[in-house]
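Residues take their numbers from the sequence shown, with the count starting at 1. These numbers come from a predicted model, not from an experiment.
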Amino acid sequence: MRMMTFPNRYLIVILTFISTSVCYIERVGFSIAYTTAADAAGVNQSTKGTVLASFYCGYACSQVPGGWAAQKIGGRKVLLISFVLWSLTCALVPLDPNRVTVLVIARLLVGVAQGFIFPSIHTVLAQWVPPHERSRSVSLTMSGMYLGAATGMLFLPSLVKYRGPQSVFLVEAALGAMWCMLWFKYASDPPRSEHPKATASGFGESLLPVKGSQKMKVENGGISAKTAHIPWKKILLSLPVWAIVANNFTFHYGLYVLMNWLPTYFEKGLQLSLQEMGSSKMMPYFNMFIFSNIGGVVADHLITKRILSVTRIRKLLNTVGFLVASLAFILLPLFRTSSGAVFCSSVALGFLALGRAGFAVNHMDIAPRYAGIVMGVSNTAGTFAGIIGVRFTGWLLECAKTANPDLSSPESWKLVFYIPGFQCIFSCLVFLLFSTAERIFD
């Protein structure tokens, strides 16, 4: 009987949390497996950067289409299709570092498939989660990324060592397939009848398009006209949207640079073995998991108790998170021990995750009906950060090898970490000036 009273929206949030965990196990897993195989084959840093960045090229192409597709046919269906596509690609593509073209195409396909995931998740959550639960629900769902990355960093290096790099692809495909079965069995669209008083806040609204001439009954007996029109011009010209975009770009620049190059920094910059580091190598991502949920709980508590306005809460958490992360990024190349580097990278990523309770939830504040669309726009910027940051970092390190061939000098890594550090300062200022939590899109 207790199981029967478990709210459906909690199950949806848990399943979306698992989905982001699996996605980031895949991303971290490819970085670890490919880096190992590429180093063994003598592939240079610039080529590695090209292969690693190709995922984000495909990812960028499908962000806005992902939001549009979720709006048109439903986030639940789009999420399932995207998981099936990237899981099949992982299962079928061989990991041969000398076949660069094949790997680039495969990573492009995986990127396109995963690009539909986060706009679809935001569309689903905007339908299922009431406003006073959004901060912690979105934070929990997004914290799955970090738990997945931490899990990948902890277990996958040993899997590569004992079973080979290709085994990582097979494990990732199996995880994707298992999630698909869970989502297919348990996920559903929200019945509007369960949420009679929430329409004004955007909660429980049907986000699927209805022809302009059609009418939709609402629970209080009235009639509400719904149209399929999406206010693209208003979205693209909105300063609050661009404040989210700027912070999404910065967040993902720092995250993707560390996700793709932190293994190289440990092994080349600090002369450490990932296998010998034990569980410490997962701490940056585990810290993100903890701080993301702290940010969500704190934000919802402040909103529920009406201690501050929602706008001020978003700005406060975003500013604290990004400024502390900025300091940690700038100090990171100065730490030359394993414990120091892990601590500094953990602080950087942890406080970036805290900042997500500011900018990342703001999609649903300003545009609950178009949350997937706005998420697609901002996440496109975040994806370009991956393309630029990962590829540019490879180029910076290749240039640094002229002065220090083994990349063990801190001078080789300063620009790599200074760039996201100063971006954090700029982005939090933009969010302070232009963001709002008021609903601006009907």
Side-chain angles (χ1 to χ4, degrees), residues 23-59 86 89-111 114 149 152-173 255-277 281-282 284-285 341 345 386-402 404-409 412-413 416:
C23 284
Y24 269 68
I25 289 175
E26 190 282 327
R27 297 189 197 185
V28 169
F30 180 82
S31 175
I32 293 171
Y34 172 70
T35 298
T36 301
D39 287 344
V43 176
N44 64 44
Q45 302 300 318
S46 182
T47 301
K48 285 168 62 178
T50 299
V51 173
L52 291 170
S54 59
F55 168 90
Y56 303 105
C57 296
Y59 197 62
W86 76 252
T89 304
C90 285
L92 298 176
V93 174
L95 178 56
D96 184 350
N98 294 314
R99 300 173 67 183
V100 175
T101 302
V102 173
L103 286 177
V104 167
I105 293 173
R107 295 310 291 167
L108 282 171
L109 291 175
V110 173
Q114 291 201 13
M153 286 293 288
L154 180 61
F155 294 109
L156 295 183
S158 297
L159 184 64
V160 170
K161 180 179 180 180
Y162 295 109
R163 295 291 182 180
Q166 188 68 49
S167 63
V168 172
F169 281 23
L170 299 178
V171 168
E172 292 165 353
L255 174 61
Y256 289 152
V257 165
L258 287 185
M259 180 180 295
N260 287 278
W261 291 104
L262 199 57
T264 303
Y265 180 63
F266 285 141
E267 293 191 335
K268 300 284 187 181
L270 301 179
Q271 306 293 305
L272 299 170
S273 167
L274 286 178
Q275 284 78 24
E276 294 174 0
M277 288 180 66
K281 59 181 175 289
M282 67 172 279
Y285 304 110
S345 57
I387 298 170
I388 295 168
V390 174
R391 183 70 184 88
F392 185 57
T393 299
W395 180 81
L396 285 175
L397 293 175
E398 197 62 33
C399 292
K401 288 177 71 174
T402 58
N404 182 41
D406 63 358
L407 298 177
S408 60
S409 168
S412 303
W413 293 90
V416 170

statement: For Arg27, the salt bridge (Lys or Arg N to Asp or Glu O under 4.0 Å) test, sequence neighbours excluded, returns none

- request: Please collect all side chain to side chain donor-acceptor pair (under 3.5 Å) contacts where either partner lies in residues 97-108, sequence neighbours excluded, each pair once.
  value: Glu26-Arg107

- prompt: Who pairs with Asp96 by salt bridge (Lys or Arg N to Asp or Glu O under 4.0 Å), at least two apart in sequence or on another chain?
  reply: none

Shortest non-hydrogen separation from Ala38 to Pro97 and the atoms involved: CA-CB, 3.9 Å

By side-chain contact (heavy atoms from CB on, under 4.5 Å) - contacts of Val171 (at least two apart): Leu159, Leu175

query: Of Leu397, Leu258, Thr264, which meets side chain to side chain contact (heavy atoms under 4.5 Å, CB included) against Val416?
result: Leu397

message: Which heavy atom of Cys90 sits nearest to which heavy atom of Phe169, and what is that distance?
response: O-CB, 3.5 Å

field: Under the side-chain contact (heavy atoms from CB on, under 4.5 Å) test, residues paired with Leu109 that sit two or more places apart
entry: Thr89, Ile105

query: Do Tyr162 and Ser167 pass the side-chain contact (heavy atoms from CB on, under 4.5 Å) test, and can you show the C-alpha distance, the side-chain angles, and the key distance before you say yes or no?
result: CA-CA 9 Å; Tyr162 295 109; Ser167 63; over 6 Å; no

- prompt: Under the ring-ring contact (aromatic ring centres under 6.0 Å, His included) test, which residues partner Tyr59, sequence neighbours left out?
  reply: Phe55

task: With sequence neighbours left out, write down each residue that passes side-chain hydrogen bond (donor to acceptor under 3.5 Å, both in side chains) with Asn44, or none if nothing qualifies.
output: Thr47

- prompt: Looking only at heavy atoms, what is the nearest atom pair of Gly58 and Leu108, with distance?
  reply: N-CD2, 3.5 Å

field: Closest non-hydrogen atom pair between Gln271 and Lys268, with its separation
entry: NE2-O, 2.6 Å

- prompt: Is there a donor-acceptor pair closer than 3.5 Å between any side-chain N or O of Trp261 and the backbone N or O of Val390?
  reply: yes

statement: Correct closest heavy-atom pair for Leu170 and Ala91 would be CD2-O, 4.2 Å

message: Once rounded to the nearest 0.5 Å, what's the spacing between atom CD1 of Ile388 and atom CH2 of Trp395?
response: 14.0 Å

message: Could you work out, with salt bridge (Lys or Arg N to Asp or Glu O under 4.0 Å) as the rule, every residue matching Glu172, not counting sequence neighbours?
response: none

field: Check: Ile32 main-chain N/O paired with Thr35 side-chain donor or acceptor under 3.5 Å
entry: no

- request: State, to 0.1 Å, how close Leu262 and Pro284 come at their nearest heavy-atom pair, and which atoms those are.
  value: CD2-CG, 4.2 Å

message: Test of understanding: with side-chain hydrogen bond (donor to acceptor under 3.5 Å, both in side chains), list the residues that count as partners of Ser409, not counting sequence neighbours.
response: none

task: Ignoring hydrogens and angles, tell me if any N or O in the side chain of Gln166 forms a donor-acceptor pair with the backbone of Ala33 under 3.5 Å.
output: no

- request: List for me each residue that meets side-chain hydrogen bond (donor to acceptor under 3.5 Å, both in side chains) alongside Thr50, sequence neighbours excluded, and say none if there are none.
  value: Arg391

Residues forming a ring-ring contact (aromatic ring centres under 6.0 Å, His included) with Trp413, sequence neighbours excluded: Tyr265

message: Working to the nearest 0.5 angstrom, can you tell me the gap between Leu154 CG and Ile25 CD1?
response: 10.5 Å

- prompt: Taking only residues two or more places apart in sequence or in another chain, which ones pass ring-ring contact (aromatic ring centres under 6.0 Å, His included) with Tyr34?
  reply: Phe30

task: Any chance you could measure Ile387, atom CD1, to Cys57, atom SG, to the nearest 0.5 Å?
output: 4.0 Å

